[in-house]
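One structure is given below, encoded as structure tokens.
Numbered from 1 within each chain, the chains take letters A, B, ... in sequence-line order. Fair warning: this is a prediction, and the values are worked out from it, not measured in the lab.
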Protein chains: 2
Amino acid sequence: MSTQEPLGTQERLVRSTQELLWERGYVGTSPKAILERAGVGQGSMYHHFSGKSELALAAIRRTAEELKQGAESCLGGPGSAYDRIAAYLLRERRVLRGCPIGRMTQDRDVVRSAELRQPLDELFGWLRGRITEVLAEGQRRGELAAELDPAAGAAAVAAVVQGGYVLARAADDPAPFDAAVQGVLALLAAQCTPGTRTTD
Amino acid sequence: MSTQEPLGTQERLVRSTQELLWERGYVGTSPKAILERAGVGQGSMYHHFSGKSELALAAIRRTAEELKQGAESCLGGPGSAYDRIAAYLLRERRVLRGCPIGRMTQDRDVVRSAELRQPLDELFGWLRGRITEVLAEGQRRGELAAELDPAAGAAAVAAVVQGGYVLARAADDPAPFDAAVQGVLALLAAQCTPGTRTTD
DNA sequence: GTCTATATTCCGATAGAC
DNA sequence: GTCTATCGGAATATAGAC
């Protein structure tokens, strides 16, 4: 279903910006670098976009949407609540690259702009809400202990992923990420009624 | 015990750099901004330091050492293992500012330099090890379930803090940080032998 | 729509006076 | 030790030809 025809100029600009924001952040990404990666001239960019920030907004929105789809494909899958959380946490990731959206929260110009921050807020808000739903559903089905606070548990799960990236990048090694994920999964497993886990 | 005499030029440069790295990151911090905040001329800076990266190294080392002392004052305190972890997690923080060291992991120039990354690696390595010790000690004392994996639990605890900052900054609201902390604390509490918690 | 000039400002560092 | 002057290059954008 993925189209194979050559990409338009505008599309190439957005994709180049997505990559560069991930690699270098907003402050570290120059229009010149975007143009070179996209293989277009300066005039093209300022024809389609008013400048760096508008282009970044398009790129951030696109990336956030992609992450949302990816997370939903795990969290909305089959299996018990634990299994779906585990599927999300154990998903293949290029850990040392970090989270392309989480990274933006460390960029001053992004967080200070209501417009640029909005997609981050929406993505993580959605994510915490979605995990909360999964946990609450697990409780209703009797899979998870009734004492568990779904919203707090969801925040912890989402935080472990984002913090795992930080620890891994500091160590230049994915191991701390994997350890953090195993840690929170083991804690969550202790809340499970026996026989409700497929994973592990 | 804190000295009150006016700070030397070198010291003012280091402290200004610490602040600016926290606020703007490495890429976003210019020598000019450092000089202005420190109230010194350009010549002074290049007299005491070879350039931006050497100054950043001094500032990062200093900040990492300060964070280590602060964490140790919680983790090395009195009480059960759970209490000490809780003291660390519930410590007063200016959440929306984020972690001054965790932030550096999102800075390309920092992570790519072995020298600049080293203090981050050391701090988070120490932190995970220290929390691991606390959890293992709790197990030996019979406070915590023997099934708990101390290293994995420690990684999860450290990750929740770093990820909590990310979620809070995305939302421009400390609430997700607090929720994540409560979430992981509740999961940890479920591993505790009754009567071993002072906190909560 | 896309290109090449050009403008202005800042970055990071060096030179050299005091 | 500290200051000001200066430098080569990059960042971000505008102007205007094609």
Between P on dC3(D) and OH on Tyr46(B), what's the gap in Å once rounded to a whole number? 14 Å
For a side chain to side chain donor-acceptor pair (under 3.5 Å) with Gln69(B), tell me which candidate from Glu65(B), Glu66(B), Glu72(B) qualifies. Glu65(B)
Between dG12(C) (C1') and Lys32(B) (NZ): distance, integer Å: 12 Å
Expressed as a whole number of angstroms, how long is the span from Met45(B):CE to dA5(D):P? 19 Å
Hey, does the side chain of His47(A) come within less than 4.0 Å of dC3(C)'s phosphate (OP1/OP2), counting only N and O? no
Measuring to OP1 and OP2 of dC11(C), would you say a side-chain N or O of Ser30(B) lies under 4.0 angstrom away? yes
How close or far is atom P of dA11(D) from atom CD1 of Ile34(A), stated in whole angstroms? 11 Å
Rounded to the nearest 0.5 Å, how far apart are SG of Cys99(B) and CZ of Arg93(B)? 8.5 Å
Taking the nucleotide of DNA chain D with the nearest heavy atom to each, does Val27(A) or Gly43(A) sit closer to the 5' end? Val27(A)
Expressed in angstrom and rounded to an integer, what is the separation of Phe49(B) atom CZ from dG12(C) atom P? 16 Å
Return the value, rounded to whole Å, for the distance between atom CG of Leu35(B) and atom P of dG1(D). 18 Å
Taking atom CD of Glu54(B) as the centre, report whether more than 12 heavy atoms of other residues, nucleotides or ligands fall under 6.0 Å from it. yes
Measure CD/Gln42(A) against C1'/dA11(D) and give the value in whole Å, please. 10 Å
How would you label the contact of Ser53(B) with the nucleic acid (heavy atoms, under 4.0 Å): base, sugar-phosphate, or nothing? nothing
Within the pair Thr9(B) and dG1(D), is there a side-chain N or O less than 4.0 Å away from OP1 or OP2? no
Atom CD of Glu36(B) and atom P of dG12(C): how far apart are they, to the nearest Å? 13 Å
Should the pair Glu11(A)-Arg15(A) be classified as a salt bridge under the 4.0 Å nitrogen-to-oxygen rule? yes
